[in-house]
Trainee: 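Have a look at this one before I ask anything.
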Amino acid sequence: MDMAHMMFKDGLMNGERILVTGGGTGLGKEMAEGFLKLGAEVHICGRRGGVVEETAKELMEKHGGKVVGHACDIRVAEAITEMNDKIWSEHGPLTGLVNNAAGNFISRTEDLSIRGFDAIANIVFRGTFYMTHDIGTRWIKEGLKGNVISILTTWIWNGGPFVVPSAMSKSAVNTMTQSLAVEWGRYNLRFNAIAPGPFPTEGMTKRLAPDADSTEDMARDGRNPMGRIGKMHELVNLAVFLMGPGAEYVNGQTIAIDGAAYNATGGNFSQLAQWGDAQWQAAREAIEATNAKDRAKRTV
Ligand code: HXC
Ligand code: NAP
């Protein structure tokens, strides 16, 4: 990310300790870098232990400070508790959590198996709750204030054809955000969410636009009123606004950052209704090759 576009003053997040799930790659890595640059201690987790270690090293070499990588599968509640015990005892209590880890792929819903549905729902729907519940209950028990941001999609407002398990799960996390903002507001805990439009990341492009030459395609042909995809610093600035000090009264909100795409065109995959069997077959093969390549790097 180009740090020249950061809107916030140095040291804004001094003393904060933030966990970004899925922070080894993509948007999670970008947000981790932004928080680190502003003075926070950052923890990142993912199933590919080597990837989180490498990212932690890369970010510390670039900016100094402290980034700690954890190999943790958020589908496993016990693994979450073990990681958080370690963070609390070796580093100290977290002050913030970004629920960013997710799984997704495009598929006709009639082609999905139950295992295919679970592959996504177990990460996004269940894993996000397990993590939020484990950390939230620690904050409540210890009388600490805390701040949670969840990364959603704009499909929570208008549905996600061809990404139904993701759309359903993200909608549930939106409901969690609204519910806990109210229920746990009295404990000084905040819950907000960000619904990004397309931002170029390898994990997303290979699974959601396997036929596109680049993620730029997702904003062409009148699909985005601003005619472009998102820039990483734009997302990071919004995440810092919600996570950093100074706007604590914002609670229970989900903010879209998509260049007004969903207002204009729906911002979802409705256009894939034009695909035939051959295109779906090719997409599935490409996606499954990406899945297999990533799976081979998992250490948990
Ligand atoms: C149909 C598919 C499929 C496909 C996998 N499956 N790909 N079904 N079409 N393209 C099925 C498999 O056949 C299998 O079912 C089941 O899903 C589980 O597959 P595994 O590969 O064994 O799953 P697993 O190893 O658990 O991996 C989880 C994953 C994977 C979700 C499938 O993609 C992953 O780990 N992703 C993490 C990163 C990621 O997805 N990033 C993108 C985030 S972008 P059967 O029945 O055959 O055994 C995003 C929103 C972007 O979230 C919004 C843009 C605007
Ligand atoms: P990404 O790079 O693939 O990020 C997903 C991350 O989640 C990976 O680092 C992955 O690491 C981790 N993860 C997945 N399953 C996990 C599990 N069970 N336990 C722990 N970590 C897990 O894709 P991205 O584009 O940056 O997506 C990040 C977030 O933004 C997601 O919530 C996505 O839905 C959302 N989003 C992205 C876009 C976009 O345009 N890029 C748009 C809207 C919303 P491992 O595989 O190593 O576990």
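Start at 1 with the first residue, then count along the sequence. In this text the structure is predicted, and so the values were computed from the model without any measurement. Order of listing sets the numbers, starting from 1, for every ligand and every atom in it.
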Trainee: Any carboxylate oxygen within less than 4.0 angstrom of a Lys/Arg side-chain nitrogen, looking at R75 and D118?
Mentor: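 Salt bridge: no.
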
Trainee: For ligand 2, find out whether one of its N or O atoms is nearer than 3.5 Å to an N or O atom of P196.
Mentor: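 No: no nitrogen or oxygen of P196 is under 3.5 Å from one in ligand 2.
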
Trainee: Which of the numbered atoms in ligand 2 are below 4.0 angstrom from a heavy atom of G26?
Mentor: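 The atoms of ligand 2 under 4.0 Å from a heavy atom of G26 are 2 (O), 26 (O).
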
Trainee: Specify whether the nearest protein heavy atom to atom 22 (O) of ligand 1 is under 4.0 angstrom away.
Mentor: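 When distances to the protein are checked, atom 22 (O) of ligand 1 has a heavy atom within 4.0 Å.
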
Trainee: Does R75 come within less than 4.0 Å of ligand 1, judged by its heavy atoms?
Mentor: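 Yes, R75 has heavy atoms under 4.0 Å from ligand 1.
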
Trainee: Among all the protein's non-hydrogen atoms, which is closest to atom 30 (C) of ligand 1, and how far away is it?
Mentor: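 Protein heavy atom with the smallest distance to atom 30 (C) of ligand 1: N291 OD1, 3.5 Å.
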
Trainee: Heavy-atom pairs closer than 4.0 Å: do any link ligand 1 to the side chain of R298, the backbone, both, or neither?
Mentor: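 R298 to ligand 1: side-chain contact only, backbone stays beyond 4.0 Å.
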
Trainee: Between the side chains of E234 and R228, is the shortest nitrogen-to-carboxylate-oxygen separation below 4.0 Å, so that they form an ion pair?
Mentor: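 Here R228 pairs with E234 in a salt bridge, since their nearest N and O are under 4.0 Å apart.
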
Trainee: In the protein, which heavy atom is nearest to atom 15 (N) of ligand 2, and how far is it?
Mentor: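 Protein heavy atom with the smallest distance to atom 15 (N) of ligand 2: R47 NH2, 3.1 Å.
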
Trainee: Determine, using heavy atoms of I123 and all atoms of ligand 2, whether some pair is separated by less than 4.0 Å.
Mentor: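 Yes, that is the case, since the closest heavy atom of the residue is under 4.0 Å from the ligand.
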
Trainee: Quick one: look at D73 and ligand 2, take heavy-atom pairs under 4.0 Å, and tell me if it's side chain, backbone, both or neither.
Mentor: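 Both backbone and side chain.
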
Trainee: Please work out whether any backbone atom (N, CA, C, O) or any side-chain heavy atom from C-beta onward of V163 is under 4.0 Å from ligand 1, and answer side chain, backbone, both or neither.
Mentor: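 No part of V163 comes within reach of ligand 1.
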
Trainee: Identify the protein heavy atom lying closest to atom 20 (P) of ligand 1, giving its residue, its atom name and the separation to 0.1 Å.
Mentor: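 Result for atom 20 (P) of ligand 1: R295 NH2, 3.6 Å.
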
Trainee: Closest non-hydrogen protein atom to atom 26 (O) of ligand 2, residue and atom name please, with distance?
Mentor: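 The protein heavy atom lying closest is L27 N, 2.8 Å.
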
Trainee: L97 versus M131: any side-chain heavy-atom pair under 4.5 Å?
Mentor: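 A side-chain contact under 4.5 Å exists here.
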
Trainee: Please state which protein non-hydrogen atom is closest to atom 50 (C) of ligand 1 and give its distance, to 0.1 Å?
Mentor: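 The protein heavy atom lying closest is N104 ND2, 3.5 Å.
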
Trainee: Please answer whether the main-chain N or O of G246 pairs with a side-chain N or O of E248 as donor and acceptor at a distance below 3.5 Å.
Mentor: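 Side chain of E248 to backbone of G246: a pair is present.
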
Trainee: Donor-acceptor pair, S270 side chain versus G266 backbone, under 3.5 Å?
Mentor: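 Not a single qualifying donor-acceptor pair exists.
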
Trainee: Using a strict cut-off of less than 4.0 Å between a Lys/Arg side-chain nitrogen and an Asp/Glu carboxylate oxygen, indicate whether K62 and E58 qualify as a salt bridge.
Mentor: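 Answer for the salt bridge query: no.
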
Trainee: Counting heavy atoms not belonging to E82, are there more than 12 under 6.0 Å from its CD?
Mentor: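 12 or below, so no.
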
Trainee: Is it possible for you to say whether L12 and M6 belong to one hydrophobic cluster, with membership spreading through side-chain heavy-atom contacts below 4.5 Å?
Mentor: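 Same hydrophobic cluster.
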
Trainee: Who's the nearest protein heavy-atom neighbour of atom 47 (O) of ligand 1, and how far?
Mentor: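 Going by distance alone, atom 47 (O) of ligand 1 is nearest to R284 NH2, 4.2 Å.
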
Trainee: Would you sort out whether W157 and Y262 count as a ring pair (Phe, Tyr, Trp, His ring centres under 6.0 Å), showing the intermediate values?
Mentor: CA-CA 9 Å; W157 291 300; Y262 94 89; 5.0 Å; yes

Trainee: Starting from atom 37 (C) of ligand 1, locate the nearest protein heavy atom and write down its residue, its atom name and how far away it is, to 0.1 Å.
Mentor: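 Of every protein heavy atom, A102 O, 3.4 Å lies nearest to atom 37 (C) of ligand 1.
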
Trainee: Check step by step if side chain to side chain contact (heavy atoms under 4.5 Å, CB included) holds for T132 and L180.
Mentor: CA-CA 10 Å; T132 306; L180 290 182; 4.0 Å; yes

Trainee: Taking distance alone, with no angle check, do R115 and ligand 1 share an N/O pair under 3.5 Å?
Mentor: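 Right, the criterion is met.
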
Trainee: Starting from atom 19 (N) of ligand 2, find the nearest protein heavy-atom neighbour and note its residue, name and distance.
Mentor: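 Checked against all protein heavy atoms, atom 19 (N) of ligand 2 sits closest to I74 N, 2.9 Å.
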
Trainee: Which heavy atom of the protein is the closest neighbour of atom 35 (O) of ligand 1, given with residue, atom name and distance?
Mentor: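 I find the closest protein heavy atom is R47 NH2, 2.8 Å.
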
Trainee: Is the side chain of R47 donor-acceptor paired with the backbone N or O of T299 at a distance under 3.5 Å, no angle test?
Mentor: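 Side chain of R47 to backbone of T299, a donor-acceptor pair under 3.5 Å: no, none is there.
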
Trainee: Among all the protein's non-hydrogen atoms, which is closest to atom 35 (C) of ligand 2, and how far away is it?
Mentor: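 Minimum-distance protein heavy atom for atom 35 (C) of ligand 2 reads I151 CG2, 3.6 Å.
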
Trainee: What verdict does the side chain to side chain contact (heavy atoms under 4.5 Å, CB included) test give for Y187 and W139, after you've listed the backbone C-alpha separation in whole Å, the side-chain angles of each residue and the deciding distance to 0.1 Å?
Mentor: CA-CA 8 Å; Y187 298 123; W139 284 333; over 6 Å; no

Trainee: If the contact criterion is a heavy-atom separation under 4.0 Å, does G197 count as touching ligand 2?
Mentor: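 Checking ligand 2 against G197, which is what was asked, there is a heavy-atom contact under 4.0 Å.
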
Trainee: Report yes or no: does L152 have a heavy atom closer than 4.0 Å to ligand 2?
Mentor: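 L152 counts as a contact of ligand 2 under the 4.0 Å cut-off.
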
Trainee: Nearest protein heavy atom to atom 51 (C) of ligand 1, by residue and atom, and its distance?
Mentor: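 Of the protein heavy atoms, L208 CD1, 3.2 Å lies nearest.
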
Trainee: Which atoms of ligand 2 are found less than 4.0 Å from any heavy atom of N100?
Mentor: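 So the atoms of ligand 2 that pass are 28 (C), 29 (C), 30 (O), 31 (C), 32 (O).
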
Trainee: To the nearest 0.5 Å, what is the distance between CZ (F241) and CD1 (I255)?
Mentor: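 These two atoms lie 6.5 Å from each other.
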
Trainee: Hey, which atoms in ligand 2 end up nearer than 4.0 Å to a heavy atom of M204?
Mentor: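 Close to M204: 25 (O), 39 (C), 40 (O), 41 (N).
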
Trainee: Determine, stepwise, if the pair T154 / N268 fulfils side chain to side chain contact (heavy atoms under 4.5 Å, CB included).
Mentor: CA-CA 8 Å; T154 56; N268 61 24; over 6 Å; no

Trainee: What about T201: any of its N or O atoms under 3.5 Å from an N or O on ligand 2?
Mentor: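 Such a contact does occur with ligand 2.
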
Trainee: Using modelled atom types and a 3.5 Å cut-off, is there a donor and acceptor pairing between side-chain atoms of T95 and backbone atoms of R17?
Mentor: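 Yes.
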
Trainee: What protein heavy atom is closest to atom 9 (O) of ligand 2, reported as residue, atom name and distance in Å?
Mentor: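 For atom 9 (O) of ligand 2, the nearest protein heavy atom is T25 OG1, 2.7 Å.
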
Trainee: Which of the atoms of ligand 2 are close to T153, meaning less than 4.0 Å from one of its heavy atoms?
Mentor: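 Answer for ligand 2: 43 (C), 44 (C).
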
Trainee: Counting from 1, what ligand 1 atoms have a heavy atom of I287 closer than 4.0 Å?
Mentor: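 Reading through ligand 1 atom by atom, the close ones are 10 (N).
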
Trainee: So does R126 have more than 12 non-hydrogen atoms from other groups sitting under 6.0 Å from CZ?
Mentor: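 No, CZ of R126 has 12 or fewer neighbouring heavy atoms, counting only those of other groups under 6.0 Å.
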
Trainee: Give the numbers and elements of all ligand 1 atoms closer than 4.0 Å to a heavy atom of E288.
Mentor: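 Once the distances to E288 are compared, the set is 2 (C), 3 (C), 5 (C), 6 (N), 7 (N), 12 (C), 13 (O).
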
Trainee: For ligand 2, is any non-hydrogen atom under 4.0 Å from C72's backbone (N, CA, C, O), its side chain (CB onward), both, or neither?
Mentor: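 For C72, only backbone atoms sit under 4.0 Å from ligand 2.
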
Trainee: Distance alone, cut at 3.5 Å: any donor-acceptor contact between the side chains of T128 and N99?
Mentor: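 Absent: no donor and acceptor within the cut-off.
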
Trainee: For atom 15 (O) of ligand 1, state which one of A119, S113, P196, G46 supplies the nearest heavy atom.
Mentor: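 Nearest heavy atom to atom 15 (O) of ligand 1 lies in S113.
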
Trainee: May I ask you to identify the nearest protein heavy atom to atom 12 (C) of ligand 2, giving residue, atom name and distance to one decimal place in Å?
Mentor: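 Ranking protein heavy atoms by distance from atom 12 (C) of ligand 2, first comes G22 CA, 3.6 Å.
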
Trainee: Considering only heavy atoms of P198, which atoms of ligand 2 have at least one such atom less than 4.0 Å away?
Mentor: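 In order of numbering, the contacting atoms are 40 (O).
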
Trainee: Would you call the rings of H91 and H70 parallel, tilted or perpendicular if under 30° counts as parallel and over 60° as perpendicular?
Mentor: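 Because their plane-to-plane angle is over 60°, the rings of H91 and H70 count as perpendicular.
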
Trainee: Evaluate whether atom CZ of F162 has more than 12 neighbouring non-hydrogen atoms of other residues, nucleotides or ligands under 6.0 angstrom away.
Mentor: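 Yes, the 6.0 Å shell around CZ holds more than 12 heavy atoms from other groups.
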
Trainee: Between the side chain of T21 and the main-chain N/O of N100, is any donor-acceptor distance below 3.5 Å?
Mentor: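 At least one qualifying donor-acceptor pair exists.
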
Trainee: Of the protein's non-hydrogen atoms, which lies at the shortest distance from atom 55 (C) of ligand 1, and what is that distance?
Mentor: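 Nearest protein contact, heavy atoms only, for atom 55 (C) of ligand 1 is W155 CZ2, 3.9 Å.
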
Trainee: With backbone taken as N, CA, C and O and side chain as the heavy atoms from C-beta onward, which portion of K297 lies under 4.0 Å from ligand 2: side chain, backbone, both, or neither?
Mentor: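 The answer is neither.
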
Trainee: Tell me: protein heavy atom nearest atom 47 (O) of ligand 2, and distance?
Mentor: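 Answer for atom 47 (O) of ligand 2: R48 NE, 2.7 Å.
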
Trainee: Would you please test D294 and K206 for salt bridge (charged side-chain N to carboxylate O under 4.0 Å, His left out) and show each step?
Mentor: CA-CA 11 Å; D294 285 358; K206 291 214 154 131; over 6 Å; no

Trainee: What protein heavy atom lies closest to atom 33 (C) of ligand 2? Include the residue and the distance to one decimal.
Mentor: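 Sorting protein heavy atoms by distance from atom 33 (C) of ligand 2 puts K170 NZ, 3.8 Å first.
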
